[in-house]
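Here's the structure, in structure tokens; my notes come after.
Below, read A as the first sequence line, B as the second, and so on, with proteins coming before strands; counting in each chain starts at 1. This is a predicted model, so every value here is computed, not measured.
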Protein chains: 2
Amino acid sequence: MPVSDLTNSAQDYLKLIWTATEWSATPITVTVLAERMGVRPSTVSDSIKKLKDQGLLTHAPYGTIELTPAGSAHAVDMVRRHRLLETFLVQVLGYGWDEVHDEAEVLEHAVSDTMIERIDQRLGHPTRDPHGDPIPSADGQPHRPGAIQLCHAEPEGEVTVVRISDADPAMLRYFSDIGLTPDVKLTIQKQRPYTDATTITLSGQQKNVDLGQAASNAVWVTNS
Amino acid sequence: MPVSDLTNSAQDYLKLIWTATEWSATPITVTVLAERMGVRPSTVSDSIKKLKDQGLLTHAPYGTIELTPAGSAHAVDMVRRHRLLETFLVQVLGYGWDEVHDEAEVLEHAVSDTMIERIDQRLGHPTRDPHGDPIPSADGQPHRPGAIQLCHAEPEGEVTVVRISDADPAMLRYFSDIGLTPDVKLTIQKQRPYTDATTITLSGQQKNVDLGQAASNAVWVTNS
DNA sequence: CATCCAAGTTCGGCAAGACTAACATTGAAG
DNA sequence: CTTCAATGTTAGTCTTGCCGAACTTGGATG
Ligand SMILES: [Mn+2]
Ligand SMILES: [Mn+2]
Ligand SMILES: [Mn+2]
Ligand SMILES: [Mn+2]
């Protein structure tokens, strides 16, 4: 049962549920799902019920939502499509990293398996997308642990940027401007709880930068 | 009002109605439309009514279907998308000319205007797709007159292949095998009405080839 | 431990796009 | 000029995906 048997909307739900727990452990809720999908909670409730009937996830009323192995496999397939497409748009069509998410969000439902494999081949089987997110292999790689959000990191020593959330294009443009991209190293100077600011210094640069709540939430770093 | 405001189905109807009169003058009928869209005639009737209400075509019950200027503009936009995508798939992703039609049929609804322009740029503003069909420019070029189907051509002198219908992938593979592609020159040896065969010789080759009804219908040639 | 409210669910309805079955129109053949 | 078959239309129904309104649940608060 290939991913293409599902509706676009079902594909997006599965992808969203899977990615929700890729970088953090908090389980996904109906309300968050509704926000991310741009629909009302009642719509999500209905949709979840249908996905459950199809055996793609488990869910008791008012309970937690969890993907079955079948649902997870489809989700990984969609994540692979999304990230390969983003990479393709940057590498082959000269898109900026802030422009690719919305385009990929639509294309991921339209391209054939054949096209995805040709893109993968053309790009030399890339393992990370333009935002640093891992691209699952054709069989389905697990996700990467051990990274934390900048806003939760201790101010000691140098850390490496692992990935940056691709949700907000304007924020991505700002990160480009200041040179904050995946694989860049930086030092956390200070966490300021009440101003919701994180002060950092990019390695090799002098000046400090203050990042607000949203920004320091979007950046994931690791000590290694 | 950009083409993206229309549903996929509306986009396909307009494109189909426009292309129906690109190479021949016979007006499109509900039945033919139903066949090409893969739906029932009643579905077409309903859809036509909606497109009429949107001012995209004119149609009196049991009468002919004709695009308004607005409908025609959207149709040309879709044709441009379809043919640029086909060209892109061949040139950049190494598809064969028999593989691109179905992929483009889906992608044409999913890519953004931005992506289409980037593809156009990347390809150097191509003017014909892999099947020889003209690619309308961004503002909307008229179609090419003066070509006729091989089955209707007189057996005298050399003719040039202008375009080949992309509807049947298996037929396209056969044409590849025998070297019959756009811009190739050939001589028509004989039209055999009762066997529905057309005998041709590709220029620079010795042996004759018999083409059946469907094949000689799909190939459009010109004397010039 | 009773209360209350945010989170979640159910229900009825709507629009798009498809179908079948039944009906209407046209025009070609007799 | 009539007939009738092919072509086209209408009416009713389904499914998917969405909505708002009304209802239920369960955990935090006092
Ligand atoms: Mn999507
Ligand atoms: Mn990404
Ligand atoms: Mn299409
Ligand atoms: Mn073509």
Side-chain angles (χ1 to χ4, degrees), chain A residues 1-17 20-21 26-67 71 74-75 78 105-106 108-110, chain B residues 1-17 20-21 24 26-67 71 74 78 105-106 108-110:
Chain A
M1 203 176 297
V3 73
S4 45
D5 290 345
L6 302 171
T7 64
N8 288 4
S9 149
Q11 290 173 355
D12 278 337
Y13 277 108
L14 296 176
K15 179 163 62 80
L16 229 47
I17 294 167
T21 53
T26 47
I28 189 79
T29 65
V30 169
T31 308
V32 170
L33 225 32
E35 272 162 19
R36 303 238 176 115
M37 288 288 292
V39 299
R40 298 282 158 189
S42 60
T43 305
V44 174
S45 259
D46 285 349
S47 306
I48 290 297
K49 208 179 303 164
K50 280 174 198 154
L51 292 169
K52 189 193 152 196
D53 291 346
Q54 292 175 75
L56 299 170
L57 50 78
T58 58
H59 174 63
Y62 303 98
T64 58
I65 299 162
E66 251 162 62
L67 296 177
H74 284 138
M78 289 312 297
E105 195 58 53
V106 179
E108 64 190 3
H109 311 289
Chain B
M1 197 175 300
V3 72
S4 45
D5 290 345
L6 302 170
T7 64
N8 287 6
S9 149
Q11 291 173 354
D12 278 338
Y13 277 108
L14 296 176
K15 179 163 61 81
L16 230 46
I17 294 166
T21 53
S24 79
T26 46
I28 188 80
T29 65
V30 169
T31 309
V32 169
L33 226 32
E35 273 163 18
R36 303 239 177 114
M37 288 289 292
V39 299
R40 298 283 160 188
S42 60
T43 306
V44 173
S45 260
D46 284 350
S47 306
I48 290 297
K49 210 178 304 165
K50 280 174 198 154
L51 292 169
K52 190 194 150 194
D53 292 346
Q54 292 175 77
L56 299 170
L57 49 78
T58 58
H59 175 61
Y62 301 100
T64 58
I65 298 162
E66 251 160 62
L67 296 177
H74 284 137
M78 290 311 297
E105 195 59 52
V106 180
E108 64 190 2
H109 312 289

Do any side-chain nitrogens or oxygens of [X] fall under 4.0 Å of OP1 or OP2 in [N]?
| X | N | result |
| --- | --- | --- |
| Thr31(A) | dA6(C) | no |
| Lys50(B) | dA15(C) | no |
| Thr43(B) | dA18(C) | no |
| Ser42(A) | dT10(C) | no |

Atom [atom1] of [X] and atom [atom2] of [N]: how far apart are they, to the nearest Å?
| X | N | atom1 | atom2 | answer |
| --- | --- | --- | --- | --- |
| Asp12(B) | dA16(C) | CG | P | 17 Å |
| Arg40(B) | dA18(C) | CZ | P | 13 Å |
| Asp5(B) | dA16(C) | CG | P | 14 Å |
| Gln11(B) | dA16(C) | CD | P | 15 Å |
| His59(B) | dT25(C) | NE2 | P | 13 Å |
| Leu6(B) | dA15(C) | CG | P | 18 Å |
| Lys49(A) | dG8(C) | NZ | C1' | 11 Å |
| Asp46(B) | dT20(C) | CG | P | 13 Å |

- Does anyone know the first and last nucleotide of DNA chain D in reach of chain A, 5' to 3', at under 4.0 angstrom to a heavy atom?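 The footprint of chain A covers dT16(D) to dT25(D).
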
- Message: Holding to side chain to side chain donor-acceptor pair (under 3.5 Å), I want the full list of residues that pass it with Ser47(A), two or more places apart in sequence or in another chain.
- Response: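 Expected list: Tyr13(A).
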
- Tell me what Ser47(B) touches on the nucleic acid: a base, only sugar-phosphate, or nothing, going by heavy atoms under 4.0 Å.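 Contact class for Ser47(B): none.
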
- Task: For residues Lys52(A) and Ile65(A), determine if any side-chain heavy atom of one lies less than 4.5 Å from a side-chain heavy atom of the other.
- Result: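 Result no, sub-4.5 Å side-chain heavy-atom pair not found.
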
- Message: From C-beta outward on Ser9(B), which listed nucleotide comes closest to its side chain: dT26(C), dG17(C), dT9(C)?
- Response: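 When the side chain of Ser9(B) is considered, dG17(C) is the closest of dT26(C), dG17(C), dT9(C).
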
